[in-house]
Amino acid sequence: MTTGYLWHELFGWVDTGGGSMTPSDVLNGLQPISHHFAHADNKRRMHELVMVSGLGDKLIRIKARPATKEELLRAHTRDYVERIIHESTLPKGGDAGDGITSFGKGGYGICALAAGGALEMVEAVVKGNIRNGYALVNPCGHHAVSEVGMGFCVFNNVAVAAKHAQQVLGVKRIAIVDWDVHHGNGTQSIFWSDPNVLTISIHQDRNYPPNSGFHSERGGQGALNTNINIPLPPGTGDAGYLEAMDKVIVPALERFAPEIIIVASGFDASVFDPLARQMVSAEGFAEMTKRLMAAAERCCGGKLAMVQEGGYSIHYVAICGALTINALAGFEPMRDALSFVFDQQYGRLKIETHQAEAIEKAAQLVSDVPTPA
Ligand code: 9RB
Ligand code: ZN
């Protein structure tokens with residue numbers, strides 16, 4: 001089995017500036033915080049673990065390139081892309097739209113590279129150069145809607161990649177599974193009226209954005225039942241996430257029968273994440289990966305492209321990422337070297353009744369997912 005891997009050093013150079021979601025006001029007692037939540041170190045540490053563990057040597061390195069303006073325009077409006085290009089020339093950079101998604105001078109170049117990295121990984125999988133792959137890109141993308149960025153996302157990397165697959169590579173049916181703990185509102189919105197793209201988001205109920213991600217959002221006119229949200233209560237761990245895989249995500253994928261599955265892979269549903277309240281373990285992410293691989297095996301010859309989204313635990317993101325990529329490559333579990341974490345048994349809770357009920361509610365949407373004509 002051949003598995004691709006993508007990282008570029010510039011992804012570790014994303015300049016988010018300091019605090020921002022926690023702004024300072026020194027005369028009123030709010031001390032500046034030098035680290036933005038979405039600082040690049042978590043992802044850089046993940047890349048370094050992938051390489052130092054030896055895992056990286058066994059993967060096929062895919063090279064990132066910047067998405068062109070034309071490629072970005074498939075998912076974003078001209079006004080928006082041009083504004084980012086302009087702000088990127090300013091001495092202090094700019095902000096994608098919500099005041100917390102700042103980027104430094106030259107930031108456009110890195111954001112275009114993140115979108116282009118996702119695109120290149122999807123292309124390599126579609127063409128069959130590799131069976132599956134992991135694009136470790138930064139910044140994340142899934143909150144960005146066509147006309148504005150938000151929630152640390154500038155361009156919607158997965159959407160740019162999926163549009164490329166549709167419009168250039170001739171792929172007809174695409175499924176996007178977003179397991180970042182936050183709702184994939186941007187991706188949902190960009191494909192809202194596209195019946196050929198099934199978007200599924202599993203997330204913590206009303207974490208961020210606080211006013212979307214409900215079961216009732218099911219796709220626009222002409223694309224009804226091609227969007228599924230699985231909002232889960234806080235405290236859901238491996239058992240709940242795997243139950244949602246088995247009862248909702250995998251059955252929906254099998255009905256829709258995509259030609260490729262793209263995963264928006266955040267590690268912020270982890271038990272150590274500071275921005276959410278879920279309890280997934282690194283082994284839980286590896287197991288979710290295996291279930292998606294099995295689904296991809298059944299519907300599309302194993303074609304599975306994973307693209308990095310969020311993840312904010314400096315302690316755990318790298319480990320979640322390494323185990324996920326290790327599973328994607330079909331290697332034996334890596335647990336020995338990292339057992340200090342697994343020994344804690346974090347995240348291995350049994351499913352609770354209120355979690356099972358939320359999953360059951362989402363499972364009722366599956367039978368309406370359209371099958372291929
Ligand atoms: C708050 C605001 C956020 C923004 C982004 C995230 C996570 C993103 C991610 C979480 C909370 C704004 C609290 C704006 O990881 N996506 O995958 N909160 N944003 N204003 N205020 C008061
Ligand atoms: Zn997130």
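Counting convention: from 1, in listed order, for ligands and their atoms alike. Any value given below was found using the heavy atoms of this structure, including those in side chains, with hydrogens, waters and symmetry copies removed.
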Asp15 side chain vs Gly104 backbone, donor-acceptor pair below 3.5 Å
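Side chain of Asp15 to backbone of Gly104: no pair is present.
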For the pair Asp25 (side chain) and Leu30 (backbone), establish whether a donor and an acceptor sit closer than 3.5 Å, ignoring hydrogens and angles.
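Not confirmed, Asp25 side chain does not pair with Leu30 backbone.
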Can [X] and [Y] be counted as having a side-chain donor-acceptor contact under 3.5 angstrom?
{"X": "His315", "Y": "Ser313", "result": "no"}
{"X": "Arg218", "Y": "Asn225", "result": "yes"}
{"X": "Ser102", "Y": "Asp95", "result": "no"}
{"X": "Tyr108", "Y": "Thr89", "result": "no"}

Yes or no on salt bridge (charged side-chain N to carboxylate O under 4.0 Å, His left out) for Glu147 and Arg78, after CA distance, side-chain angles and deciding distance?
CA-CA 8 Å; Glu147 68 276 11; Arg78 185 168 294 275; over 6 Å; no
At under 4.0 Å between heavy atoms, is it the side chain or the backbone of His182 that contacts ligand 1, or both, or neither?
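For His182, only side-chain atoms sit under 4.0 Å from ligand 1.
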Contact partition for Met150 relative to ligand 1, non-hydrogen atoms under 4.0 Å:
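It is neither part, as no heavy atom is under 4.0 Å.
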Write out the residue and atom name of the closest protein heavy atom to [atom], then the distance separating them to 0.1 Å.
{"atom": "atom 16 (N) of ligand 1", "result": "His143 NE2, 2.7 Å"}
{"atom": "atom 12 (C) of ligand 1", "result": "Ile100 CD1, 4.5 Å"}
{"atom": "atom 13 (C) of ligand 1", "result": "Met21 CG, 4.4 Å"}
{"atom": "atom 15 (O) of ligand 1", "result": "Tyr312 OH, 2.5 Å"}

Given the protein's heavy atoms, is any one of them under 4.0 Å from atom 9 (C) of ligand 1?
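Looking at atom 9 (C) of ligand 1, one finds that a protein heavy atom does lie closer than 4.0 Å.
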Protein heavy-atom contact under 4.0 Å for atom 20 (N) of ligand 1?
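For atom 20 (N) of ligand 1 the answer is no, since every protein heavy atom stays at 4.0 Å or beyond.
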Residue pair Arg173, Phe256: steps toward the side-chain contact (heavy atoms from CB on, under 4.5 Å) verdict
CA-CA 8 Å; Arg173 292 167 80 79; Phe256 191 73; 3.3 Å; yes
Which ligand 1 atoms does [X] reach within 4.0 Å, using its non-hydrogen atoms?
{"X": "Gly151", "answer": "5 (C), 8 (C)"}
{"X": "Asp180", "answer": "16 (N), 17 (O)"}
{"X": "His142", "answer": "16 (N), 17 (O)"}
{"X": "Asp268", "answer": "15 (O), 17 (O)"}

According to a hydrophobic-cluster definition based on side-chain heavy atoms being under 4.5 Å apart (Ile, Leu, Val, Met, Phe, Trp, Tyr only), do Ile176 and Val145 belong together?
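Ile176 does not cluster with Val145.
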Residue His182, metal the Zn ion (ligand 2), N/O/S under 2.8 Å
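So His182 does bind the Zn ion (ligand 2) by this criterion.
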Calculate the angle formed at the Zn ion (ligand 2) by OD1 in Asp180 and OD2 in Asp268; 10° precision is enough.
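My answer is 110°, to the nearest 10°.
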